[in-house]
Amino acid sequence: MNQMKIRLVNAGIFTPVDDIELTLNPPAEGFYWIDADVDDLELLQPLFNLHDLAVEDCLSDEEQRPKIEIYESHYFIVVNSIRFDDEEIFLRALNIFLGRHFIITVTKQKIHELRVLKPILWEQEVGTPDRFLYLLIDLVVDNYFAVGDRIEVRIEKLEEDILMHTKKSHLSEIIGLRSEILWLKKMLGPQKEVVNTLNKKDLRLIDDQLQKYFSDIYENAVKISETFDTYRDLMGNLREAYQSSIANRANEIMRVFTAITTIFMPLTVITGIYGMNFENIPEIHTTYGYYGVIGVMVTLGCGMLYLFRKKEWL
C-alpha cells in the first residue's frame, strides 16, 4: 500500500503538506494534489464530502468500467491505465476526484503515468487541477499507443514463427492474445466516451479554453480503438495461417507416407512371389538369383524415387 501524499502544486512546484486540514480551503495560489490509496478514503470521504457511490466504486473488487460522474462539489472520473509485460495485458483503474481547488487520485496499484506526470507538471508550470487532469488523461491515452506497438511486434514475431516452424503452442498463444485484444477493445469504448464527455459537455470545473484540448485526446482514443480493431483482424488472419500451415504440414506428411507406400508396393509383390512355397519358380535355384532379385528391387525402388522427385511429388 502507498502512503498518502499531499502536495500543494503551484506553477509546477511541489510543496509537501503535512496537515490535511489545510487542504479543505483553497490555497492562495495553485491547488492541492492528494495521491491516496483506497484505504485512505475512510479519512478523505467526510473531509471532502465525496459521494458514497463514487467511494463504493473505488473500494469494489470488481473491474470498473471507465466513466465520469458529475456531483455537486466534485467530479468522479475513472480511466484505465494499461500495462503490457509481453505475457499479459493489465488494466489498472485510476480513480480521480476533481474539485475546484483539489484533485485526488486513488489507486490500488502503482500507476506509471502518475510518476511520469510530475516532471511534466513542473515543465509546463501547471497551477490548476483541471490542467492536471488533462495532462494525466493525455498520458494514459498515449500509453495505449506504446502498448499497441509492442502488441504489433508480438503479432509479427508470432506470424514469422508460424511461417518458419508451426508448433501446437502457437494456437494457444493466438487464442490468448486475441482474447486479450477483444477484452481491451471492449474496455476502450467506455474510455473513449469519457474523453468525449470531457470534450463536449458543459463542465463548470474545467476551463472552457482547456476543454477544447480534450478533442485531441478524443481523436487519439478513436485512433487507438481503430488500431485494436486492426489487431483483432490480424489475429483472425493469424489463426487462419496457423490452420493452413498445419493442414499443409499434414498433407506433406501424408504425401511422403503415400510415396513410401507406393515404392514398397511392387517390392512387396516381388517378395511375395518369391516367398511362395513352389519348387519351380524361375531363377530360384540359380547361383545369383538372390542377388538378381535384390538388384531388381533396388533398381525399381530408386527408379520410382527418382520419378517422384522429378515430378516434385516428394
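Just so it is clear, the values below take in all heavy atoms, side chains as well, and ignore hydrogens, waters and symmetry mates.
In this structure, F97 has its ring center no closer than 6.0 Å to that of Y75. Taking the six-membered ring wherever Trp is involved, the centroid distance between the rings of W33 and F102 does not fall below 6.0 Å.
Nearest heavy atom pair, residue P66 against residue P190, reads O-CB, 3.6 Å. Considering all non-hydrogen atoms of both residues, V38 and C58 come closest at CG1-O, 3.6 Å. Closest non-hydrogen pair, I111 versus A93, comes out as CD1-O, 4.4 Å. Listed here is the closest heavy atom pair of P129 and I103: O-CD1, 3.9 Å. Counting all heavy atoms, side chain and backbone alike, L188 lies closest to S225 at CD1-CA, 4.2 Å. Contact between A36 and L44 at its shortest, heavy atoms only, is CB-CD1, 3.7 Å.
Below 30°, between 30° and 60°, or above 60°: for H101 and F48 the angle between ring planes is between 30° and 60°, a tilted geometry. Ring planes of H74 and Y71: tilted class, angle from 30 to 60°.
The environment of CZ in R65 is sparse: at most 12 heavy-atom neighbours from other residues, nucleotides or ligands sit within 6.0 Å. For Y213, the OH atom is loosely surrounded, since the number of other residues' heavy atoms within 6.0 Å does not exceed 12. Atom CG of D19 has more than 12 heavy atoms from other residues, nucleotides or ligands within 6.0 Å. Heavy atoms of other residues, nucleotides or ligands lying less than 6.0 angstrom from NZ of K223 number 12 at most.
Using a 4.5 Å cut-off on side-chain heavy atoms (C-beta onward), I155 and Y231 make contact. Between H112 and L139 the shortest side-chain heavy-atom distance does not fall below 4.5 Å. Looking only at side-chain heavy atoms (C-beta outward), L205 and L133 stay at 4.5 Å or farther from each other. Residues I137 and F132 have side chains not in contact (no heavy-atom distance under 4.5 Å, counting atoms from C-beta outward). Two residues are said to be in side-chain contact when any heavy atoms from C-beta on lie closer than 4.5 Å; L182 and R178 meet this criterion. Put simply, the side chain of K110 reaches to within 4.5 Å of the side chain of R115, judged on heavy atoms. Taking 4.5 Å as the limit, every side-chain heavy atom of K5 sits out of range of all side-chain heavy atoms of I34. Side-chain contact between L91 and W183 is present, with at least one heavy-atom pair separated by less than 4.5 Å.
Side chain of N10 to main chain of G127: no donor-acceptor pair is present (N/O by atom type, distance under 3.5 Å, no hydrogens or angles). Looking at N143, its side chain does come within 3.5 Å of a backbone N or O of I82 through a donor-acceptor pair. Side chain of E180 to main chain of I89: a donor-acceptor pair is present (N/O by atom type, distance under 3.5 Å, no hydrogens or angles). Although no hydrogens or angles enter the test, the distance criterion places a donor-acceptor pair under 3.5 Å between the side chain of T197 and the main chain of E193.
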Inset, instruction - Using the side chain to side chain contact (heavy atoms under 4.5 Å, CB included) rule, take L47 and E21 through it: C-alpha gap first, then chi angles, then the decisive distance, then the call. - result: CA-CA 8 Å; L47 288 175; E21 297 289 340; 4.0 Å; yes
Inset, instruction - Give the intermediate values and the outcome of salt bridge (charged side-chain N to carboxylate O under 4.0 Å, His left out) for residues D57 and K67. - result: CA-CA 11 Å; D57 286 340; K67 63 180 178 180; 2.3 Å; yes
Inset, instruction - Could you check F76 against L53 for side chain to side chain contact (heavy atoms under 4.5 Å, CB included), going step by step and ending with a plain yes or no? - result: CA-CA 10 Å; F76 176 60; L53 292 177; over 6 Å; no
Inset, instruction - Please lay out, stage by stage, how V126 and F31 fare under the test side chain to side chain contact (heavy atoms under 4.5 Å, CB included). - result: CA-CA 9 Å; V126 173; F31 67 98; 4.2 Å; yes
Inset, instruction - Could you go through the side chain to side chain contact (heavy atoms under 4.5 Å, CB included) check for I13 and E125 one step at a time? - result: CA-CA 7 Å; I13 298 175; E125 299 182 353; over 6 Å; no
Inset, instruction - Applying side chain to side chain donor-acceptor pair (under 3.5 Å), run through N49 and S73 and close with a yes or a no. - result: CA-CA 8 Å; N49 196 27; S73 62; 4.6 Å; no
Inset, instruction - Applying salt bridge (charged side-chain N to carboxylate O under 4.0 Å, His left out), run through D37 and K108 and close with a yes or a no. - result: CA-CA 6 Å; D37 192 271; K108 292 182 179 179; over 6 Å; no
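If you chain together hydrophobic residues whose side chains sit under 4.5 Å apart, F90 and F145 never meet in one group. L198 and I70 fall within the same hydrophobic cluster, where Ile, Leu, Val, Met, Phe, Trp and Tyr residues are linked whenever their side-chain heavy atoms come under 4.5 Å apart, directly or through other members. Under the 4.5 Å side-chain heavy-atom criterion for Ile, Leu, Val, Met, Phe, Trp and Tyr, L177 and V153 are members of distinct hydrophobic clusters. One hydrophobic cluster holds both I6 and L22 under the rule that ILVMFWY side chains link at heavy-atom gaps under 4.5 Å. A chain of hydrophobic side-chain contacts below 4.5 Å, direct or via other Ile, Leu, Val, Met, Phe, Trp or Tyr residues, connects L94 to V116.
Considering CG of D138 and CG of N220, their distance stands at 7.0 Å, rounded to 0.5 Å. To the nearest 0.5 Å, atoms CD1 (I217) and CD (Q191) are separated by 10.5 Å. Residue R100 holds its CZ atom at 8.5 Å from CG of D130, rounded to the nearest 0.5 Å. Of the inter-residue distances, the one linking Q209 atom CD with Q211 atom CD reads 10.5 Å to the nearest 0.5 angstrom. How far CG of L136 is from OH of Y134: 12.0 Å, rounded to the nearest 0.5 Å. The distance from atom CE of M235 to atom CD1 of I151, rounded to the nearest 0.5 Å, is 9.5 Å.
Under 3.5 Å, the side chains of Q124 and R131 contain a donor-acceptor pair of N or O atoms.
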Mind listing the side-chain donor-acceptor pairs of residues 263-271 below 3.5 Å, one per line with the distance, residues two or more places apart or on another chain?
from : atom 1 : to   : atom 2 : distance (Å)
T268 : OG1    : F264 : O      : 2.6
T271 : OG1    : L267 : O      : 3.1
T271 : OG1    : T268 : O      : 2.9

